[in-house]
Amino acid sequence: MSDKKQSNQKGSGKKQKTAIQPTRLENYAEWYQQVVRAAEMAETSDVRGCMVIKPWGYAVWENIQQGLDGMFKATGHRNAYFPLFIPLSYLEKEAEHVEGFAKECAVVTHHRLEPDGEGGLQPAGALEEPLVVRPTSETIIGSTFAKWIESWRDLPLLINQWANVVRWEMRTRLFLRTAEFLWQEGHTAHATEEEAMEETLKMLEVYREFATEWLAMPVITGEKTEGERFPGAVNTFCIEGMMQDRKALQAGTSHFLGQNFSRAQDITFADRDTNIQHAWTTSWGVSTRLIGGLIMTHGDDDGMVMPPKVAPAHLVILPVLHKEETREQVLAYCERLAAELRSCRYGEAPVRVELDARDLRGGEKSWQWIKRGIPLRVEVGPRDMEQDAVFVARRDRPHSEKASIGRGEFIEGIDSLLEEIQVGMLHRAREHRDDHVRVIDTEQEFYDFFDKGSEGGGGFAMTHFCGSTELEDRIKKDLAVTVRCVPTRGQGLPGQDEAGTCPFTGEPSATRVVWAKSY
RNA sequence: CAGGGCGUAGCUCAGCUUGGUAGAGCGGCGGUUUUGGGAACCGCAGGUCGCAGGUUCAAAUCCUGUCGCCCUGACCA
């Protein structure tokens, strides 16, 4: 957020200083919307609360899917698919679960349309039992698990599903909160409590690693307090990132469900001693919200900045084609360059290359790619071709900073250049996060930290906490600040593992918790 | 669901108070001139003014109803 603003001089100054207006400092929420649009990642649809994910945004999701899916498979999970529709009675089985989701369920009540006599259509054929469009699939998957699981030999059962879900939200924001969103939900069943808890934490660690290594998004892992827990869960764990406005984003959750759902849905197995037992279950998920987190972690006042690992394309080749005489040669040179680069690898994956030969003015074209956040822009004109060189600009550097590099050298170094950008983005984000984590030991300091200037101050406050729900409610009411998590020990957060006393009540506290405003 | 605001061209909006031939900028298309940088000029296309009633010789404009969207709250991945 500290990027300098070039002031535009009067007279000559018709130049816009940034591609996105307002800037992050001027109006963060509006900046976010503008980036989503300018980067062509998504747009609002004609359907209230639902978004259209555009190709450039969907490609990010595909890369996220690919990365995570590999990690799920590597930890023994298999993909399956369960119905979009959940019988109403299934949701009713787990009391807390019903209560948690009842207010945001879309319900299907009819199965036919017929003419209404005025040229329109009306629903007909009422269903005997209404169907709920899944807000999450614990119940329908649980009921299936009940059939699949008979013996301890059937456990653990490790299933994941990639799907869409619907939660009828009042207020929506692209990627961060939409009525329909895409996600993955893992559901597992285990013979013992220990094993289920181990699974819960293992998947939390998978999320932490993915967020860090792929999204270049530093996250804190931890456990939710009672008030923030998933409906029906015994424990909810999460990864929390800090956005550039210093608000927290819950980027993924992993739930230890105990035997709550297995009791409600009769998921039982015969153990080694032939006793019938209830299985221990878990569920865990991340959603297209990660893309919102990506934008708010890395985007700048010129638009999106994509971490190479999940960028739809790693680089774009922009041929300089205005001279008719050299046009064909330049284009041929660029196509050869593209082919050579595509045969290179970045990590496990082939280098993803775009060649943009559209008949647009160079500046406009260039800015489109800047706004989309492509990691590298490679300009190639007659002059470069003569020297067998390319003109390279990095998205993580100011847009005017470009350098000529020999073609061979560039191709050879592409893997390490992309990795340098990826790692640099993580460092930068981590620095920003660390700069705004504060250890706080008095109530006064706590209130000042979050109070001063509604936008300017704040961040993550680390305090001791007695665990009182009433206290948490009071602070939420006063400051719109909540406990984001009780952090997992040993993450190197400042002062986190010391024992102390709650600054609000004076009660003893074993560990510090993370407080923040959140999305 | 409560409070506030807004529905006019693909987009952003003016016009409405004081009723009288539907506007601008951007974008799109075509052309000319440009070209290592978010270009300029000329021309063209594009709207039953959210929808339904009402008042009136006449409604984008006034009245009633209705639908939708946005913002602020409560709720949430």
Side-chain angles (χ1 to χ4, degrees), chain A residues 8 14-21 27 29-30 33-34 37-38 43-50 99-105 118 134-136 163-173 175-185 207 224 227-231 236 238-241 248-255 283-293 302-303 318-324 326-327 330 359-371 377-385 389-393 399-400 402 404 454 473 476-477 480 482 484 518-519:
Chain A
N8 51 351
K14 276 174 215 140
K15 260 187 233 151
Q16 298 174 312
K17 37 189 195 285
T18 58
I20 304 297
Q21 283 172 328
N27 184 346
E30 179 62 21
Q33 307 279 9
Q34 294 300 327
R37 238 178 62 175
E43 59 192 40
T44 54
S45 71
D46 294 341
V47 186
R48 173 201 166 88
C50 296
E99 207 185 314
F101 286 105
K103 279 174 287 185
E104 49 194 43
C105 285
E118 293 166 18
R134 64 177 161 225
T136 179
N164 58 335
V165 285
V166 168
R167 295 181 189 176
W168 211 262
E169 299 289 351
M170 282 303 164
R171 287 196 51 213
T172 58
R173 297 180 71 183
F175 289 121
L176 296 174
R177 182 171 303 110
T178 46
E180 179 190 14
F181 56 94
L182 306 183
W183 78 347
Q184 121 324 276
E185 48 182 324
Y207 288 155
K224 287 295 187 191
E228 302 271 323
R229 205 174 282 155
F230 176 76
T236 287
C238 61
I239 54 172
E240 295 278 333
L249 181 79
Q250 177 175 307
T253 49
S254 184
H255 314 291
S283 69
W284 27 273
V286 299
S287 71
T288 36
R289 173 178 251 204
L290 285 178
I291 298 173
D302 287 326
L318 301 164
V320 180
L321 295 172
H322 19 256
K323 292 197 184 64
E324 270 312 315
T326 53
R327 193 189 159 85
V330 169
D359 183 21
L360 279 181
R361 289 190 54 77
E364 192 185 343
K365 207 194 271 189
S366 208
W367 277 101
Q368 280 184 9
W369 290 103
I370 291 173
K371 286 184 278 194
R377 304 188 303 285
V378 179
E379 297 167 5
V380 178
R383 296 211 288 268
D384 308 294
M385 199 172 66
V390 295
F391 212 57
V392 179
H399 64 259
S400 51
K402 304 180 206 176
S404 183
S454 45
D473 285 347
K476 184 174 181 180
K477 226 178 139 197
T482 51
R484 298 322 304 154
S518 71
Y519 280 96

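Convention: sequence-line order gives letters A, B, ...; per-chain numbering from 1.
A gap of 16 Å separates the P atoms of B:rC69 and B:rC11, to the nearest Å. Nucleotides B:rC6 and B:rG31, compared at atom C1', are 40 Å apart to the nearest Å. Look at the C1' atom in both B:rG19 and B:rC62: the space between them is 8 Å, to the nearest Å. For the C1' atom pair drawn from B:rC67 and B:rG53, the interatomic distance equals 14 Å after rounding to whole Å. One P atom belongs to B:rU35, the other to B:rG43, and the distance between them is 24 Å to the nearest Å. On the P atoms, B:rG7 is 30 Å away from B:rC44, given to the nearest whole Å. Taking atom C1' in both B:rU56 and B:rU72, one finds a spacing of 40 Å when rounded to whole Å. Spacing between B:rA2 and B:rA74 at atom C1', rounded to whole Å, works out to 9 Å.
Picking from B:rG38, B:rG36, B:rC75 the nucleotide with the shortest atom distance to the side chain of A:K476 gives B:rC75. When each of B:rG38, B:rG36, B:rC75 is scored by its nearest atom to the side-chain atoms of A:V320, the top-ranked nucleotide is B:rG36. Here B:rA77 is the nucleotide among B:rC11, B:rA77, B:rC75 with the atom lying nearest to any side-chain atom of A:S287. When the nucleotides B:rG36, B:rG38, B:rA77 are ranked by their closest atom to the side chain of A:Q250, B:rA77 comes out on top. Distances from the side chain of A:T178 to the nucleotides B:rG38, B:rG36, B:rA77 place B:rA77 closest.
To the nearest angstrom, C1' of B:rA74 lies 18 Å from CZ of A:R167. What separates CZ of A:R134 from C1' of B:rA77 is a distance of 15 Å, to the nearest Å. Atom pair A:R173:CZ and B:rC75:P shows a separation of 17 Å (rounding to whole Å applied). What separates CD1 of A:I291 from P of B:rA77 is a distance of 18 Å, to the nearest Å. The distance from atom CH2 of A:W168 to atom P of B:rC1 is 13 Å, rounded to the nearest whole Å. One can place CG of A:D359 at 15 Å from P of B:rU35, the figure rounded to the nearest angstrom. Distance, A:F101 CZ to B:rA77 P: 7 Å, rounded to whole Å. As rounded to whole Å, 14 Å separates atom P of B:rG38 from atom CD of A:Q368.
A donor-acceptor pair shorter than 3.5 Å can be found between the side chains of A:T482 and A:R484.
Across all strands shown, A:T482 has no heavy atoms under 4.0 Å from either base or sugar-phosphate atoms. Looking at heavy-atom distances under 4.0 Å, A:E169 makes contact with a base. As judged by a 4.0 angstrom heavy-atom cut-off over every strand, A:K477 is placed among residues making no nucleic acid contact. A:K365 comes within 4.0 angstrom of nothing in the nucleic acid, heavy atoms only. A:P135 comes within 4.0 angstrom of nothing in the nucleic acid, heavy atoms only. Heavy atoms of A:G381 sit under 4.0 angstrom from at least one base atom. Across all strands, A:L318 comes closer than 4.0 Å to no nucleic acid atom at all (heavy-atom distances). Nucleic acid contact class of A:S366 (heavy atoms, under 4.0 Å, all strands): none.
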Working for side-chain contact (heavy atoms from CB on, under 4.5 Å), residues A:V320 and A:T326: CA-CA 9 Å; A:V320 180; A:T326 53; over 6 Å; no

Stepwise side-chain contact (heavy atoms from CB on, under 4.5 Å) check, A:D302 with A:W367: CA-CA 9 Å; A:D302 287 326; A:W367 277 101; 3.7 Å; yes

Step-by-step side-chain contact (heavy atoms from CB on, under 4.5 Å) determination, A:K371 to A:R37: CA-CA 9 Å; A:K371 286 184 278 194; A:R37 238 178 62 175; over 6 Å; no

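Around CZ of A:R173, the count of heavy atoms belonging to other residues, nucleotides or ligands within 6.0 Å exceeds 12. Residue-environment remark: CH2 (A:W168) stays at or below the threshold of 12 foreign heavy atoms within 6.0 Å. For A:E99, the CD atom is loosely surrounded, since the number of other residues' heavy atoms within 6.0 Å does not exceed 12.
Between A:K224 and B:rA77 there is no side-chain polar atom (N or O) within less than 4.0 angstrom of OP1 or OP2. The phosphate of B:rA39 has OP1 or OP2 within less than 4.0 Å of a side-chain N or O from A:R361.
Base pairing analysis places B:rG47 opposite nothing; no Watson-Crick or G-U wobble pair with both distances below 3.5 Å involves it. Across every strand in view, B:rG25 sits in a pair with B:rC11 that passes the Watson-Crick or G-U test at under 3.5 angstrom. In this structure, B:rA58 forms no base pair with any nucleotide, since neither Watson-Crick nor G-U wobble geometry is met with both distances under 3.5 Å. Here B:rA2 sits opposite B:rU72 as a Watson-Crick or G-U wobble pair (both hydrogen-bonding atom distances under 3.5 Å). Searching all strands for a Watson-Crick or G-U wobble partner of B:rC41 with both distances below 3.5 Å returns B:rG31.
Note that CD1 of A:I370 and CD1 of A:I20 are 11.0 Å apart. Values are rounded to the nearest 0.5 Å.
Of the two residues contacting RNA chain B, namely A:L176 and A:T44, the nearest-nucleotide position lying further toward the 5' end is that of A:T44. Each of A:G49 and A:K371 lies near RNA chain B, and the nucleotide nearest A:K371 is the one positioned closer to the 5' end.
Stacking here means ring centres nearer than 5.5 Å and ring planes tilted less than 30 degrees, and by that measure A:F181 stacks onto B:rA77.
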